[in-house]
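The next block holds one structure in the form of structure tokens; read it before the comments.
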Amino acid sequence: MSEVRTRVAPSPTGDPHVGTAYVALFNYCFARVHGGKFILRIEDTDQKRSTEASERAILDALRWTGLQWDEGPDVGGPHGPYRQSERSELYREHARQLLDTGHAFRCFCTAERLGELRKQQIADGSGLLGYDGHCMGLSADEAQRRADAGEAHVVRLIVPREGACRVDDMLRGPIEIPWTQVDMQVLLKSDGLPTYHLANVVDDHHMGISHVLRGEEWINSAPKHLRLYEAFGWEPPVLCHLPLLRNPDQSKLSKRKNPTGILWYRDMGIVPEALLNYLGSIAWSMPGEVEVFSLDEMAAVFDASRISLGGPIFDLEKLTWINRKWLRERIDDADLVERLIAWKLNRDFLAQVAALARTRLDTLGSLADIAGFLAMGRLPLPDGAFEGMAEPGELAEWFVMVEEQLNVLPGWDKDAIEAVLRRSAEHVDQKLKKFLPPFYMAVTGKKASLPLFDAMELLGRDIVRDRLRQATDAVGGLGNKKRKSLMAGLTPLLDQAAQAG
RNA sequence: GCUCCCAUCGUCUAGCGGUCCAGGACGUCGGCCUCUCACGCCGAAAACACGGGUUCGAUUCCCGUUGGGAGUACCA
């Protein structure tokens with residue numbers, strides 16, 4: 001058997017997500033146990049949403065976990081570049097090849113027509129959605145001519161209109177998906193860049209990926225990928241779909257309902273070994289019912305057949321327990337000190353805190369009381385924390401409103417945060433003096449504390465968002481209906497926030 | 001709607017036809033230890049979704065129902 005090569009391929013369109021670490025972990029272990037290689041590839045084909053900052057953050061976060069890739073945009077490797085935006089030409093060539101071999105066609109349909117088509121299909125109730133093949137009727141000459149004339153178009157994949165595609169999943173066995181359910185997927189967008197489907201297949205092939213372990217959400221598009229491999233005459237990799245991480249309500253893990261940022265776990269004091277240990281203990285089990293294990297221990301005995309298929313609910317309590325085990329059993333005194341320093345008890349961090357705290361300092365020791373909230377993960381809110389500030393329902397709206405804006409802020413700095421709070425207060429027609437107190441309570445756990453905007457900057461977005469969510473729950477939460485109507489009026493504020501910084 | 005995936009305690013799971021009136025862990029509740037707390041230890045409550053098959057025998061295999069999830073984009 002040829003070399004085992006796996007990859008994780010995050011899209012740099014947001015904060016580093018635990019789901020990425022989860023998928024990376026399994027790919028890493030699979031490669032290790034087979035003596036193969038683990039590759040990191042950046043899937044930045046979405047020009048509108050990809051950012052350099054996000055890519056950097058993802059790389060940093062992944063590095064923090066301790067999952068080390070053998071090839072990637074930062075470390076290089078024989079199959080680079082490892083950033084899809086730097087391989088555009090390769091995808092265009094391959095799209096051209098599909099056009100030439102009759103596996104794809106140019107489509108000149110407008111977004112309007114596509115929207116109409118979709119509406120029509122839904123109204124029909126036939127259950128069949130997707131492109132109707134309109135531009136397939138174009139002669140090759142005409143399509144070529146219109147393309148040469150500079151008319152905007154995309155390249156779509158031709159898929160069989162009958163029969164079924166057999167997808168062999170490493171864990172589930174054969175899965176049959178009717179071709180009628182598979183859309184004539186866009187492969188090359190009108191901006192000339194590939195969609196995931198094309199880029200993914202082309203890269204996996206050229207990078208020699210032998211096994212693809214990815215989220216379950218991809219099962220339904222596997223036929224498109226298989227079709228592409230066939231069209232190119234390539235052997236497809238072994239596919240293995242991992243169960244999706246879930247919120248407590250069983251829906252796919254989302255930041256709306258849960259902390260999903262890797263950095264949230266880091267900032268609240270979870271050690272990376274514990275995060276990986278936890279991720280490895282849901283969906284997979286160590287032989288012998290061992291609960292606490294290191295990455296090396298896992299990678300040494302990893303057996304994909306021990307993956308459970310039910311979607312696990314992400315359980316913060318269990319993760320915290322594993323973290324406690326690591327802290328007291330697997331990290332010695334000296335190491336613990338190093339961890340604390342690397343985390344927050346260092347000169348840099350203290351310098352920022354001290355500057356904010358000095359006028360409030362009584363004795364040096366009072367720092368702990370004043371700034372303790374900066375070091376805590378979740379805060380114990382005092383009884384009646386928000387009493388007398390505003391009606392609970394109103395407070396919930398305030399919290400959600402601000403949380404939503406903070407979420408779309410491109411950067412994370414004091415000024416942008418302040419602007420969000422000010423605009424929000426204005427939006428609900430409140431003076432800052434009345435509007436801010438609940439936020440002090442939510443973020444710092446006290447009525448009076450360090451300057452709010454600085455504190456928020458220092459805490460980081462993930463922690464602040466989580467605290468606002470906790471506070472929202474503490475005042476009774478916000479119903480779905482109310483949330484919806486609130487969001488409807490928020491568009492201008494969100495737009496402003498998104499453009500800030 | 002349509003297609004696909006999944007289904008053991010509240011949660012994560014062990015189990016791959018008899019060893020299971022189902023084992024471990026988190027959490028919860030008792031107790032022990034102890035200068036408090038924590039750690040540690042002991043114990044309790046807590047599950048094979050339902051209905052059909054197959055089989056001498058189903059938690060384990062097959063089918064259906066129900067439930068949950070995902071997909072259905074010029075996002076990945």
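Only this structure's heavy atoms are used, side chains among them; waters, hydrogens and symmetry mates stay out.
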Worksheet item: Which whole number of Å gives the distance between the C1' atom of B/A44 and that of B/G53?
Response: 39 Å
Item to complete: May I have the step-by-step check of side-chain hydrogen bond (donor to acceptor under 3.5 Å, both in side chains) for A/D44 and A/S11, ending in yes or no?
Response: CA-CA 6 Å; A/D44 55 350; A/S11 172; over 6 Å; no
Item to complete: Scan residues 302-316 of chain A against RNA chain B and write down, sorted by residue number, each residue with any heavy atom closer than 4.0 Å; if none is found, say none.
Response: A/R306, A/S308, A/L309, A/G310, A/G311, A/P312, A/I313, A/D315
Worksheet item: What integer number of Å spans the P atoms of B/G24 and B/G69?
Response: 31 Å
Worksheet item: Rounded to whole angstroms, how far apart are CD1 on A/I175 and C1' on B/C4?
Response: 7 Å
Item to complete: Keeping to residues at least two apart or across chains, list the ring-ring contact (aromatic ring centres under 6.0 Å, His included) pairs with something in residues 135-169 of chain A.
Response: A/F108-A/H153
Discussion item. More than 12 heavy atoms of other residues, nucleotides or ligands under 6.0 Å from CD of A/E93: yes or no?
Written reply: yes
Discussion item. If I take atom CG in residue A/L226 and atom C1' in nucleotide B/C4, what distance separates them, rounded to the nearest angstrom?
Written reply: 15 Å
Worksheet entry | Watson-Crick or G-U wobble mate for B/G40, both contacts under 3.5 Å | B/C32
Practice prompt. Considering only atom C1', compute the distance from B/C32 to B/U13 and round it to an integer number of Å.
Written response: 29 Å
Fill in: C1' gap between B/C39 and B/A22, integer Å
31 Å
Fill in: Counter-base of B/C56, judged by Watson-Crick or G-U geometry with both distances under 3.5 Å
B/G18
Fill in: Close residues, residues 268-285 of chain A, relative to RNA chain B [heavy-atom separation under 4.0 Å]
A/S281, A/I282, A/A283, A/S285
Worksheet item: Between A/H225 and A/Y229, is the ring centre distance below 6.0 Å?
Response: no
Worksheet entry | Flag side-chain contact, heavy atom, 4.5 Å: A/D203 against A/Y91 | yes
Worksheet item: In whole angstrom, what separates A/L171's CG from B/C4's C1'?
Response: 16 Å
Discussion item. Parallel, tilted or perpendicular, judged at 30° and 60°: which one describes the rings of A/Y22 and A/F26?
Written reply: perpendicular
Worksheet item: Mind checking who B/A25 pairs with, Watson-Crick or G-U wobble, both distances under 3.5 Å?
Response: B/U11
Worksheet item: Which residues within residues 289-300 of chain A lie with some heavy atom under 4.0 Å of an atom in RNA chain B?
Response: A/E289, A/E291
Discussion item. Please report the distance separating the P of B/G52 from the corresponding atom of B/G40, rounded so that it comes out in whole Å.
Written reply: 47 Å
Practice prompt. May I ask you to decide whether A/D148 forms a salt bridge with A/R145, counting only side-chain N to carboxylate O separations under 4.0 Å?
Written response: no
Item to complete: Please measure how far the C1' atom in B/A58 lies from the corresponding atom in B/A46, and state the result in whole Å.
Response: 23 Å
Worksheet item: For the side chain to side chain donor-acceptor pair (under 3.5 Å) test, which of A/K37, A/H79, A/R5 pairs with A/E71?
Response: A/R5
Fill in: N-O pairing of A/D70 and A/R32 below 4.0 Å
yes
Item to complete: Please state whether the rings of A/H34 and A/H211 are parallel, tilted or perpendicular, taking 30° and 60° as the class boundaries.
Response: parallel
Worksheet item: What string of B, S and - do you get for nucleotides 29-42 of chain B, 5' to 3', if B is base contact, S is sugar-phosphate-only contact and - is no contact with any protein heavy atom under 4.0 Å?
Response: ----------SS--
Discussion item. Under a 4.0 Å threshold between the charged nitrogen and the carboxylate oxygen, would A/E329 count as salt-bridged to A/R324?
Written reply: no
Worksheet entry | Main-chain N/O of A/V186 paired to A/T195 side chain as donor or acceptor, under 3.5 Å | yes
Worksheet item: Is a side-chain donor or acceptor of A/Q181 paired with a backbone partner of A/P178 at a separation under 3.5 angstrom?
Response: no
Discussion item. Counting primed atoms plus P, OP1 and OP2 as sugar-phosphate and everything else as base, spell out the protein contacts along nucleotides 69-76 of chain B at 4.0 Å heavy-atom distance: B, S or - for each nucleotide, 5' to 3'.
Written reply: SBSBSBBB
Practice prompt. Please determine if A/D473 and A/R469 form a salt bridge, counting it only when a charged side-chain N lies under 4.0 Å from a carboxylate O.
Written response: no
Discussion item. Strictly below 4.0 Å, N to O, side chains only: are A/R49 and A/D46 in salt-bridge contact?
Written reply: yes
Discussion item. Testing the basics here: between A/R41 and A/P10, what is the closest heavy-atom pair and its distance to 0.1 Å?
Written reply: O-CD, 3.2 Å
Fill in: Nearest-Å distance once atom C1' is located in both B/C16 and B/A38
41 Å
Item to complete: Indicate yes or no for a side-chain donor-acceptor contact from A/W218 to the backbone of A/H241 under 3.5 Å, with no hydrogens or angles considered.
Response: no
Worksheet entry | Nearest-angstrom distance, C1' atom, B/C48 to B/C9 | 10 Å
Item to complete: Tell me the partner of B/G71, counting only Watson-Crick (N1-N3 plus N6-O4 or O6-N4) or G-U wobble (N1-O2 and O6-N3) with both under 3.5 Å; none if nothing fits.
Response: B/C2
